[in-house]
Amino acid sequence: MAGKGVFKEILDGDVFKYYVDGEWRRSCSGQFINVQNPSTRKPMFRVQACTQDEVNRCIDSAKAAQKIWARTPLWKRAEALHRCAAIMKEQKAPIADCLVKEVAKALKDAVVEVVRSGDLLSYTAEEGIRILSEGKFLVSDPFPGNERNKYCLSSKIPLGVILAIPPFNYPVNLAVSKMGPALIAGNAVVLKPPTQGAVSCLHMVHTFHLAGFPKGLISAVTGKGADIGDFLTMHPGINCISFTGGCETGIAISKKAGMIPLQMELGGKDSCIILEDADLELAATNIIKGGFSYSGQRCTAVKVVLAMECIADQLVCKVNAKLAKLTIGMPEDDCDITPVISETSANFIEGLVHDARHKGARLHQEWRREGNLIWPILIDHVRPDMRIAWEEPFGPILPVIRIKTVEEGIHHCNANNFALQGCIFTRSFDKAIMISDAMESGTIQINSAPGRGPDHFPFQGLRDSGVGSQGITNSINMMCKIKSTVMNFPAATYTMG
Ligand code: NAP
């Protein structure tokens, strides 16, 4: 059942172990969870269903190890991250192989995900050295009524134990984007991998193990979110939750979590506004790349095209021509469109397509599905009464809404509860800036599809798309708190002059 090239240390028979106290262990539960291969719809791997006692153990060990790690010199913490980055990149093949098998990511994209994660760790180590070495010095006399007899020194200190929960679509990269900032800032990490993506995450965690991080500082507990999620997120030993996933899950977690900092990266319905003066070739290329990469299963995928009516026919024609060239098939063959993550997801996508067709939208390609593999479709003449106008399909289907005015496009973008990213295509930078200003989304790209990277750029969702701002620098800062020491001196007893 286990794939080729796996790290043998993390396997027990055909079940992957969980990681605690610097060791790979079998759960006492005696229960396992199947990880499906989305392409074959058959079980591919098995992981442990960890118990609440095992979660407690992970958190207790993390607490103890974190106290020492917080006192470990910053340069040593940075060195450990650099070591891990190098090992992760060396081991890209087995990790990417798991991504192909458990989240049906095309092999070339799976390799990119692992390499990017290694690069993210190296950058995090460098950035941590810069920003964590700085503090602030204040004196008291600027504030009315004060003498110059108090000095305040403030610096950044870690939060404690960070719970990291990534989603299935970038299980390695989105775990590492939480773990790197947490660790450089002196925190411990408890990782709860997504079930689909768990084995890729466990392989990735093994690269931290090989890099020699202290025992207990990092742990990885596997189990269905629905089973151990609440226990983890409501656990009094957790000092911060960094979560990436669907809005529903994220909002439920934020309602239950205690008084701790939350970093929430949730869903998106990224709008792409195309003006009459746009370079339509450039726009069409970006719509294909943005809308259909990894079969549309990206939070920053283009999820609705809002095209000015006068250029819509021309644009649609160009998009259709490019869409016809996409290869459709299995991730092992590096196809552009690969099976979506699950049957539930494929059924959901099918429901959106049928709803749009039933309400009068025009499908430029025929509906075709084999198992979880869905052929890409451009759905034209979409109107606001169709579900696809508002919902996040997370699949290779893309709605086009024809607009008469730019204001109509901006209104559609702002009326959605999702507000992660958006993009504008125009040759007029003046217009682009004005429209960007009016679009209420976390990031607006001008003349490019939405995207997360480079990973040090700020990345945030407004409204239901998230809480806080990510990106390497923002994540490091978010995973720290400010500590001040105030030195009090006797009031001035002398004057100059
Ligand atoms: P999901 O179903 O919400 O799951 C996300 C993670 O939460 C998984 O690890 C899941 O574990 C866990 N989980 C489920 N229930 C939980 C609970 N009650 N308590 C704690 N954890 C729980 O999302 P997904 O389907 O994996 O990911 C797709 C979604 O993520 C999309 O909406 C996408 O837009 C969003 N996303 C956002 C960003 C961003 O940066 N804004 C990036 C990528 C993806 P199990 O797998 O074990 O259930």
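Whatever order the structure lists ligands and atoms in, that order sets their numbers, starting from 1.
Relative to the ring axis of Tyr170, Lys105 places its NZ or CZ within 45° and under 6.0 Å from the centre.
In terms of heavy-atom proximity, Thr338 sits nearest to Met330 at CG2-C, 3.9 Å. Across Thr244 and Lys178, no two heavy atoms sit closer than the pair OG1-NZ, 2.6 Å.
A donor and an acceptor atom, one from each side chain of Ser27 and Glu54, are located under 3.5 Å apart. Checked by atom type, the side-chain pair Lys101/Ser200 shows no donor-acceptor distance below 3.5 Å. Side chains of Gln421 and Thr300: a donor-acceptor N/O pair is absent below 3.5 angstrom, by distance only.
At least one N or O atom of Thr249 sits closer than 3.5 Å to an N or O atom of ligand 1. Among the atoms of Leu266, some N or O lies under 3.5 angstrom from an N or O of ligand 1. Of the polar atoms of Gly246, at least one N or O is found under 3.5 Å from an N or O of ligand 1, judged by distance alone. Between Gln196 and ligand 1, no N or O atom pair is found at a separation short of 3.5 Å. Residue Arg452 places at least one N or O, backbone or side chain, under 3.5 Å from an N or O of ligand 1. Considering both main-chain and side-chain atoms, Gly245 comes within under 3.5 Å of ligand 1 through a nitrogen or oxygen pair. Between Arg298 and ligand 1, no pair of N/O atoms sits closer than 3.5 Å.
Contacts between Leu232 and ligand 1 below 4.0 angstrom, taking non-hydrogen atoms only, are absent altogether. With a 4.0 Å cut-off on non-hydrogen atoms, Leu174 touches ligand 1 through its side chain and not its backbone.
At least one heavy atom of Lys192 sits closer than 4.0 Å to an atom of ligand 1. At least one heavy atom of Gly223 lies less than 4.0 angstrom from ligand 1. Residue contacts with ligand 1: Gly250 is excluded, as none of its non-hydrogen atoms falls under 4.0 Å.
Proximity of Met264 to Ser465: side-chain heavy atoms (C-beta onward) are nowhere separated by under 4.5 Å. No side-chain heavy atom of Asp270 sits less than 4.5 Å from a side-chain heavy atom of Val304. In this structure the side chain of Ile328 reaches within 4.5 angstrom of the side chain of Pro376, judged on heavy atoms.
With ligand atoms numbered from 1 in the order given, ligand 1 contributes 47 (O) to contacts under 4.0 Å with heavy atoms of Lys224. Heavy-atom proximity to Leu420, at under 4.0 Å, picks out these atoms of ligand 1: 41 (N).
When Thr222, Thr244, Thr300 are ranked by how near their heavy atoms come to atom 5 (C) of ligand 1, first place goes to Thr244. Summarising the contacts of atom 28 (C) of ligand 1 with Phe394, Phe231, Tyr170, the nearest heavy atom is found in Phe394. With atom 43 (C) of ligand 1 as the reference point, the heavy atom nearest to it among Asn169, Val35, Ile165, Asn173 is part of Asn169. In the candidate list Gly225, Pro166, Pro194, Pro166 is nearest to atom 6 (C) of ligand 1, counting heavy atoms.
The ring pair (Phe, Tyr, Trp, His ring centres under 6.0 Å) check on Phe32 picks up nothing, with sequence neighbours excluded.
Scanning the protein heavy atoms around atom 42 (C) of ligand 1, the nearest turns out to be Cys299 SG, 3.0 Å. Distance from atom 34 (O) of ligand 1 to its nearest protein heavy atom, with residue and atom name: Glu392 OE2, 2.6 Å. The protein atom (non-hydrogen) at minimum distance from atom 19 (N) of ligand 1 is Gly229 CA, 3.2 Å. Protein heavy atom nearest atom 7 (O) of ligand 1, with residue, atom name and distance: Phe243 CE1, 3.2 Å. Scanning the protein heavy atoms around atom 27 (O) of ligand 1, the nearest turns out to be Pro167 CB, 3.4 Å. Phe168 CD2, 3.7 Å is the protein heavy atom nearest to atom 24 (P) of ligand 1. Ranking the protein heavy atoms by distance from atom 46 (O) of ligand 1 puts Thr195 N, 2.9 Å first.
Relative orientation of the Phe231 and His235 rings is perpendicular, given thresholds of 30° and 60° on the angle between their planes.
Side-chain rings of His209 and His206 approach one another, their centers coming within less than 6.0 Å. Taking the six-membered ring wherever Trp is involved, the centroid distance between the rings of Trp69 and Phe213 falls below 6.0 Å.
If you run ring pair (Phe, Tyr, Trp, His ring centres under 6.0 Å) between Trp24 and each of Tyr19, Phe16, Tyr18, only Tyr19 comes through.
Taking a distance limit of 4.0 Å, we find that atom 1 (P) of ligand 1 is approached by some protein heavy atom.
Counting heavy-atom neighbours within 6.0 Å of His411 NE2, excluding the residue itself, gives a total of 12 or less.
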